[in-house]
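For reference, positions follow the sequence shown, starting with 1. Model, not experiment: these values are computed from the prediction. Just the heavy atoms: all of them, side chains too, but no hydrogens, waters or symmetry mates, feed the values below.
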Amino acid sequence: MRELVFAVLGAASGFKALTRARVDIARYRLSGETFGESHFTDSPVAMPIVIATCSALYALIANRFTHDLTALTFGILVGAGMWLTLIDIDTHLLPRRIVYRTTALVMPLLIVCAFFDDAGSVLGMFVGAFALWMVMRVLEVLARGGLGGGDVALAGLLGLYLGWLSYEAVVVGLITAFMVGGVFALLLLITRRANRSTRFAFGPFLIVGALVAVLR
């Protein structure tokens, strides 16, 4: 029954994420700020896919965490992650205003959760955020434009969640993100839908890596 309630909450979160993403994407396109020109959010399959995905992820999170506040706090990761993923896919932008607002919301929630749920660590949360942010910041400098500031900011947010769980989760999340992103890039090259100079949104892979680390 608890998982069903969270599944319904996840469906609502997915609907909200897609609705917000469509508004943001339209605004970015109107202002000419976009770097990509995908139109997934406009497709008729977007709504059922997003709602089903968020619903399933919420149910898995409810099964993963016994404390409701912890589960709801990690549910924010699903909703915000889907919102950012949709924007990044269609525009290759990761709005830092969304990342920072989400960070400001979940940081105190994770601190409170750590007092009631022995699965989390406040110290680990801050260490994980700094470590993941630093790794991505170094990669941003080395990539010379291959990674954006939005990816770096997102890494800090994801590091809060993963470090709260364990340092191992931080490592698993980062490695998974690059593995999945690498496989995706390889498939694009094999199918000749991209070449070595083609850039694609990396934010979704960071989010996927984080969710894998959380749910494993």
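Taking hydrophobic clusters as Ile, Leu, Val, Met, Phe, Trp and Tyr residues chained together by side-chain heavy-atom distances below 4.5 Å, Val50 shares a cluster with Phe15. Hydrophobic clustering, with ILVMFWY side chains joined whenever heavy atoms are under 4.5 angstrom apart, groups Phe116 together with Tyr161. Val78 and Val8 fall into different hydrophobic clusters, defined by Ile, Leu, Val, Met, Phe, Trp and Tyr side-chain heavy atoms under 4.5 Å apart, directly or through other members. Linking ILVMFWY residues whenever their side-chain heavy atoms come closer than 4.5 Å, directly or via other members, leaves Leu154 and Val171 in distinct clusters. Hydrophobic clustering of Ile, Leu, Val, Met, Phe, Trp and Tyr side chains at less than 4.5 Å, counting indirect connections, unites Val112 with Leu160.
Taking each heavy atom of Pro108 and Thr103 in turn, the nearest pair found is CD-O, 4.5 Å. Minimum interatomic distance between Ile51 and Ala11 (heavy atoms only, all atoms of both residues): CG2-CB, 3.7 Å. In terms of heavy-atom proximity, Ala46 sits nearest to Leu18 at C-CD2, 4.0 Å. Smallest separation of non-hydrogen atoms from Ala169 and Ser166: N-OG, 3.0 Å. Annotation for Ser13 and Gly79: closest pair OG-CA, 3.2 Å, computed over non-hydrogen atoms. Residues Leu86 and Ala21 share a closest heavy-atom pair of CB-CB, 3.7 Å.
Members clustered with Tyr167: Leu123, Val127, by chain and number, using a 4.5 Å side-chain heavy-atom cutoff among hydrophobic residues.
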Could you pull out all donor-acceptor pairs under 3.5 Å where a side-chain atom in residues 202-215 meets a protein atom, sequence neighbours excluded?
none

What donor-acceptor contacts under 3.5 angstrom involve side-chain atoms of residues 173-182, with partners at least two apart or in another chain?
unit_1 : atom_1 : unit_2 : atom_2 : d
Thr176 : OG1    : Val172 : O      : 2.7

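Here the CD1-CG distance, from Ile61 to Leu57, works out to 6.5 Å after rounding to the nearest 0.5 Å. Rounded to the nearest 0.5 angstrom, Ile111 CD1 and Ser121 OG are separated by 11.0 Å. For the atom pair CG of Leu139 and CE of Met134, the computed distance is 11.5 Å after rounding to the nearest 0.5 Å. The structure places OG1 of Thr102 at 9.5 Å from CG of Leu77, a figure rounded to the nearest 0.5 Å. Lys16 contributes atom NZ, which lies 15.0 Å from atom CE of Met82 (distance to the nearest 0.5 angstrom). Taken from CG in Leu110 to CD1 in Ile76, the straight-line distance is 8.5 Å, to the nearest 0.5 Å.
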Please walk me through it: do His39 and Arg29 pass side chain to side chain contact (heavy atoms under 4.5 Å, CB included)?
CA-CA 11 Å; His39 291 272; Arg29 283 178 178 155; 3.3 Å; yes

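Side-chain atoms of Asp90 never come within 3.5 Å of backbone atoms of Ile87 as a donor-acceptor pair (strictly under, hydrogens ignored).
A heavy-atom distance below 4.5 Å is not found between the side chains of Ile98 and Arg101. With contacts defined as side-chain heavy-atom distances shorter than 4.5 Å, the pair Arg216/Glu168 qualifies. Under the 4.5 Å side-chain criterion, counting only non-hydrogen atoms from C-beta, Pro95 is not in contact with Asp24.
Heavy atoms of other residues, nucleotides or ligands lying less than 6.0 angstrom from CZ of Phe40 number more than 12.
For Arg137, the side chain to side chain contact (heavy atoms under 4.5 Å, CB included) partners at least two apart in sequence or on another chain are Trp133, Glu140, Val141, Val152. Taking Arg96 as the reference, Tyr100, Ala153 meet the side chain to side chain contact (heavy atoms under 4.5 Å, CB included) condition, with sequence neighbours excluded.
Identified under the side-chain hydrogen bond (donor to acceptor under 3.5 Å, both in side chains) test for residues 53-67, with sequence neighbours left out: none.
Trp164 and Phe74 have their aromatic ring centers within a separation under 6.0 angstrom.
Using a 4.0 Å cut-off between a side-chain N of Lys or Arg and a carboxylate O of Asp or Glu, Arg2 and Asp68 qualify as a salt bridge.
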